[in-house]
Number of protein chains: 2
Amino acid sequence: MIRDVYLKMCPCRDLLDMVASKWTALAIGALEDGPMRFGELKRRLEGVSQKMLTQTLRTLERDGLVTRTVYPSVPLRVEYELTELGRSVTGPLAALRVWAQTNYESVAEARETFDNAEPVGLEPAISR
Amino acid sequence: MIRDVYLKMCPCRDLLDMVASKWTALAIGALEDGPMRFGELKRRLEGVSQKMLTQTLRTLERDGLVTRTVYPSVPLRVEYELTELGRSVTGPLAALRVWAQTNYESVAEARETFDNAEPVGLEPAISR
DNA sequence: CTGAATCCCTCCGGATACTG
DNA sequence: CAGTATCCGGAGGGATTCAG
């Protein structure tokens with residue numbers, strides 16, 4: 001039985017939203033090469049706040065994409081690692097990251113063209 | 001020159017956020033089979049509001065992923081179609097949609113397990 | 001070191017009404 | 001039919017503080 005993300009009530013749409021959320025693709029990508037500590041992840045995902053990283057990892061753990069292991073040493077040590085399920089989505093997400101990296105120029109160019117061809121003030125640009 | 005989505009200042013991260021936003025994957029997927037009118041898209045993306053669909057399509061147009069063609073008939077007719085650049089991202093996005101559809105069961109199961117095992121405060125030694 | 005808990009403000013996004 | 005324009009509640013997300 002195939003579920004259809006185009007159907008309103010299909011719960012798998014939530015799942016699509018989840019993997020597509022802001023930091024998910026980067027977090028999962030960072031874990032591709034093996035387990036990482038919280039601090040390592042925070043440094044890798046440049047610009048992420050502690051709150052958002054924690055929230056992202058908690059969601060991934062709840063959804064069964066990563067495991068969270070606590071080593072009760074001093075200082076505390078927590079490692080995150082992809083599960084089997086988590087590894088199953090690394091392919092599509094990696095493809096998306098690569099696409100963003102390789103096609104940025106084209107998009108930037110398209111934006112400039114679009115914005116210059118839009119004389120009518122859709123956006124005041126110098127308001128406030 | 002390779003751009004790195006993990007770098008804070010890299011503009012391609014915005015691009016990653018864009019293709020990962022709520023309705024983008026569904027909209028682009030709907031256009032894979034050919035041009036569609038606004039109303040057709042609205043019906044296909046069950047549950048999308050008119051405002052969000054317009055906003056999504058406008059962003060995609062601005063970024064050069066889709067073209068918007070107006071046929072000044074009565075009533076008005078507007079068609080959206082993927083560009084070359086737009087078609088270049090259909091693969092990764094389709095893979096993501098398929099993943100969401102095929103792995104929903106596993107995730108739902110993981111969620112239930114996680115939620116039941118987290119009554120909070122009951123674990124004495126290995127708590128969070 | 002790894003969080004949880006607050007405060008606080010922006011902006012997403014739905015509902016509704018109006019236009020060409 | 002295909003939008004634009006508002007209003008507005010609530011989620012998203014940053015900064016800061018406290019705790020194990």
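A note on names: the letters A, B, ... follow the listed sequences, proteins ahead of strands, and every chain is numbered from 1.
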Distance check needed: [N] [atom2] versus [X] [atom1], whole Å only.
| X | N | atom1 | atom2 | value |
| --- | --- | --- | --- | --- |
| L53(A) | dG14(D) | CG | P | 11 Å |
| L45(A) | dG14(D) | CG | C1' | 16 Å |
| M52(B) | dA2(D) | CE | C1' | 16 Å |
| W23(A) | dA11(D) | CH2 | C1' | 18 Å |
| L76(A) | dC1(C) | CG | P | 11 Å |
| K51(A) | dT2(C) | NZ | C1' | 17 Å |
| M18(A) | dG12(D) | CE | P | 14 Å |
| E79(B) | dG3(D) | CD | P | 12 Å |

Exercise. Is the count of non-hydrogen atoms from other residues, nucleotides or ligands lying under 6.0 Å from E112(B) atom CD greater than 12?
Worked result: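 No - once you tally the heavy atoms of other residues, nucleotides and ligands closer than 6.0 Å, there are 12 at most.
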Exercise. More than 12 heavy atoms of other residues, nucleotides or ligands under 6.0 Å from CD of Q50(B): is that the case?
Worked result: yes
Could you measure the distance from the [atom1] atom of [X] to the [atom2] atom of [Y]? Nearest 0.5 Å is fine.
| X | Y | atom1 | atom2 | result |
| --- | --- | --- | --- | --- |
| L16(B) | W23(A) | CG | CH2 | 10.0 Å |
| L41(A) | L26(A) | CG | CG | 11.0 Å |
| E79(A) | F38(A) | CD | CZ | 14.0 Å |

Problem set entry | Phosphate-side-chain proximity, R37(A) and dT2(C), N/O vs OP1/OP2 below 4.0 Å | yes
For this session: Could you tell me whether the phosphate oxygens of dT2(C), OP1 or OP2, come under 4.0 Å of any side-chain nitrogen or oxygen in R68(A)?
Result: no
Exercise. Is the backbone N or O of V70(A) less than 3.5 Å from a side-chain atom of R77(A), with the two atoms forming a donor-acceptor pair by type?
Worked result: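 Looks like no, no N/O pair under 3.5 Å.
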For this session: May I ask you to decide if L82(B)'s main-chain N or O and T67(B)'s side chain share a donor-acceptor pair within less than 3.5 Å?
Result: no
Over all strands shown, is [X] touching base, sugar-phosphate only, or nothing at heavy-atom distances under 4.0 angstrom?
| X | answer |
| --- | --- |
| K42(B) | nothing |
| Q50(A) | base |
| Y71(A) | nothing |

For this session: Would you work out how much the helix from dC1(C)-dG20(D) to dG20(C)-dC1(D) bends between its ends, with each end axis defined by five base pairs, to 10 degrees?
Result: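 For the helix from dC1(C)-dG20(D) to dG20(C)-dC1(D), the axes at either end differ by 40°.
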What's the closest nucleotide to the [X] side chain, out of [options]?
| X | options | value |
| --- | --- | --- |
| V78(A) | dG14(D), dC1(D), dT2(C) | dT2(C) |
| K22(B) | dA2(D), dG13(C), dC1(C) | dG13(C) |
| S49(B) | dG14(D), dA2(D), dG14(C) | dG14(C) |

